[in-house]
Amino acid sequence: HARIVRIDTSRAEALPGVKAVLTHKDLPDMPWPFQGPNAKLLDTTLRYVGDEVAVVAAVDEPTAEDALRLIEVEYEELPFVLDPEKALEADAPKVWPEGNVLRGKPNVYERGNIEQGLAEADVVVEQTFRSQHQVHACAETHASVAQWRGNKLTVWDSTQGAHTVREQLAQLLRLPIATVRVITQHMGGGFGSKLWLNKYTVLAALLAKRTGRPVKIILDRKEDALAMGNRPANIMQLKGGCKRDGTLTALYMKSFGTIGVYPTGADCGTPLREIYRCPNVKTEEYDIHINADQARPHRAPGHVQGTWALEQLIDMLAEKVGLDPLEFRRKNYSEIDPRRNQPYSSKGLERAYSEGAAKFGWETRAERKRQLSTATKKRGYGMATQIWGGGGGPPGYCIVRINSDGTADVLCGAQDIGTATRTTFLQIAAEELGMKPEQVSIAMGDTEACPYGPASGGSRTTPSMGPAVRMAAADAKRQLLDLASRVMKIPAERLAAKDGKIFDTQEPSVSKTIAEVARQMRTAWISPHAQIIGKGFRGPNPDGVSLNTWGAQFAEVEVDVETGEVRVLRIVAAHESGRIINPLTATNQVEGGVVQAIGFALHERRVLDPTTGQMLNANLRDYKLPTALDVPEIEPVFVALPDPVANSVGAKGLGEPPMIPTAGAIANAVYDAIGVRLTETPMTPEKILKVLEEKANA
Ligand code: MOS
């Protein structure tokens with residue numbers, strides 16, 4: 001936390017090979033609305049160790065690094081705070097003059113009456129849980145390449161939202177949207193850290209303008225870990241009450257989420273508010289500023305830590321009333337959305353429970369535990385529930401072109417962020433068109449070629465854009481069948497297309513290939529077309545129903561009571577996300593989500609030096625991502641329940657759901673193994689040994 005008193009770039013500028021240097025002096029009026037109403041792109045006040053000071057463009061990377069070291073800066077140091085609990089004390093250093101609590105007050109939700117609900121309970125449990133900061137650690141760090149041709153700016157960007165970046169860049173640089181092109185063909189992960197425009201992208205564009213050359217900025221691993229966001233840490237104080245038969249009467253949480261320097265959110269109460277049928281629910285959530293990097297959405301924001309805490313509280317209640325954890329959850333199953341008091345478009349959670357439990361062997365776990373545990377290696381079995389918004393929504397657009405040789409091009413808004421969205425959408429288009437997949441090509445992630453599509457976040461790409469793709473394909477097919485009707489002299493209503501052929505539904509042996517029909521486009525007296533253009537858009541979601549995805553995961557662990565090591569042996573992941581369009585890509589989402597959640601549960605955490613605020617493990621050696629050896633057998637169970645109410649492809653989204661329940665299931669399994677609960681993530685060997693020792697001494 002410091003103010004820049006003096007900055008001298010003259011030595012850097014004099015270095016051969018340096019093409020431009022920018023500091024706050026060069027850009028006094030460039031705002032940065034993403035960090036608050038008065039924030040600047042390059043500011044004179046630096047609020048944490050990752051705030052940008054200067055940027056250099058040079059002919060190569062070593063020259064740029066050398067030039068950065070030649071910039072002289074004099075700082076006036078300011079007081080800082082890194083601990084969220086200290087940040088709440090009256091005499092704590094202030095991150096912002098208004099104080100360290102965002103908006104000065106908590107977000108409060110209440111239904112029923114929490115005091116009454118707790119009073120009515122036969123059993124009440126109370127527990128504080130603490131989750132850590134998790135950084136996204138994308139395989140590909142954040143990166144942009146910017147190039148100007150005349151007044152036209154092209155940016156190749158590693159982003160989850162090509163159109164988002166385009167519109168935000170145009171707005172910030174005061175350019176017509178039409179003059180900005182953003183291209184995202186392939187990228188190595190975002191997980192919520194690449195949902196919007198970043199400073200380095202703007203700086204690349206400004207440097208490219210100034211130097212008349214293309215400029216590439218690729219963040220190194222340290223910069224990426226330090227300044228590109230994180231899952232906020234939460235201190236969650238939970239209280240729950242139920243009747244002797246297990247009926248929930250009250251759920252309460254007070255949460256303190258550490259959002260870092262700039263305004264954002266650390267809400268983690270949705271699972272507690274929405275999973276179970278419970279009449280009295282209250283959450284109070286504080287967002288706390290500290291002098292560290294701003295939190296960003298991280299795959300299932302809030303739900304990962306919120307579910308980890310809630311699902312342990314649920315198990316604690318179940319144990320107190322002597323119910324099987326799964327039975328307790330079933331007892332409090334909500335047939336309608338308990339928060340909005342309205343039905344769901346579909347809810348396959350009961351099937352996720354029963355199909356997951358069957359695959360896992362939940363009923364025989366006690367016997368397996370007896371057989372497989374040894375004196376030093378204890379087996380444990382646990383489960384947890386998942387809820388996520390899902391469902392997607394407008395706006396999003398697609399164009400399908402049928403060419404005169406019977407092939408088709410799909411031009412789709414949105415981008416493929418490594419989830420194989422291209423494959424999924426190509427399947428949807430080919431099926432609707434009645435073509436073989438190899439007759440269809442798809443373009444995404446280019447704002448010049450493709451219409452508008454949303455950023456890929458919130459598990460919304462398939463449910464948002466899938467219906468637009470299907471609609472565009474249906475529109476093109478209708479025109480193709482009109483053409484076929486004239487060629488084949490059969491009424492269009494009688495015609496259908498499948499596997500590359502158009503046939504008479506009343507006499508299926510009468511058919512022509514789509515290629516034969518499409519060739520007639522070139523015959524002017526039959527067809528007005530040289531290419532058929534179909535259009536599709538994403539319409540609104542249905543009124544009066546809640547769109548949610550559901551799941552249940554079951555974990556088997558082995559805890560070594562001598563070393564404290566937890567090994568996850570098996571995860572059965574049962575998910576209901578509507579129609580599964582492609583089982584292979586869906587399986588990839590489940591595997592990736594579970595692995596990332598194992599990192600959260602057992603290994604990963606951001607370590608800040610309390611004396612300097614520096615991140616001490618901003619590299620992949622000391623920041624412990626799970627490796628192949630930490631990955632258990634992961635068995636997906638897809639509850640096949642196409643949701644025709646949600647949208648025209650029946651899919652609800654699966655990007656985030658698999659990451660949500662894993663840590664809770666592991667935590668409950670660890671408790672089952674050792675009989676003592678860990679209330680802090682990551683659940684490291686040190687912490688396991690500590691709670692075992694406390695238990696032994698108790
Ligand atoms: Mo996601 S955390 O909405 O990319």
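In this text the structure is predicted, and so the values were computed from the model without any measurement. Just follow the structure's listing: the first ligand is 1, and inside any ligand the first atom is 1.
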Considering only protein heavy atoms, which is closest to atom 4 (O) of ligand 1, and at what distance to one decimal place?
-> Gln160 NE2, 2.8 Å
Where ligand 1 meets Gly457 - atom numbers and elements under 4.0 angstrom, heavy-atom basis = 1 (Mo), 3 (O), 4 (O)
Any idea which atoms of ligand 1 are less than 4.0 Å away from a heavy-atom of Pro297?
-> 2 (S)
Angle class for the Phe191/His298 ring planes (parallel below 30°, perpendicular above 60°, tilted otherwise)?
-> parallel
Going by the atom numbers of ligand 1, which of them fall below 4.0 Å from some non-hydrogen atom of Gly192?
-> 1 (Mo), 2 (S), 4 (O)
Of the listed options Arg296, Arg299, His303, Met659, closest to atom 2 (S) of ligand 1 (non-hydrogen atoms) | Arg299
Ignoring hydrogens and angles, tell me if any N or O in the side chain of Glu591 forms a donor-acceptor pair with the backbone of Asn588 under 3.5 Å.
-> no
According to the interplanar angle, ranging from 0 to 90°, do the rings of Trp550 and Tyr344 count as parallel (below 30°), tilted (30 to 60°) or perpendicular (above 60°)?
-> perpendicular
Can you check whether His298 has an N/O within less than 3.5 Å of an N/O in ligand 1?
-> no
Of the listed options Ala455, Gly229, Gly458, closest to atom 3 (O) of ligand 1 (non-hydrogen atoms) = Gly458
Within 45° of the ring axis of Phe600 and under 6.0 Å from its six-membered ring centre, is that where the NZ or CZ of Arg299 lies?
-> no
What part of Pro301, side chain, backbone, both or neither, has a heavy atom within less than 4.0 angstrom of ligand 1?
-> side chain
Kindly write out the residues that satisfy side chain to side chain donor-acceptor pair (under 3.5 Å) with Gln134, not counting sequence neighbours, or none if the list is empty.
-> Arg231, Glu604
Just by modelled atom types, is the Lys194 backbone N or O under 3.5 Å from a matching donor or acceptor in the Thr159 side chain?
-> yes
Determine, using ring centers only, whether His163 and Tyr452 are less than 6.0 Å apart.
-> yes
Look at atom 1 (Mo) of ligand 1 and say which protein heavy atom is nearest, naming residue and atom and giving the distance to 0.1 Å.
-> Glu656 OE2, 3.2 Å
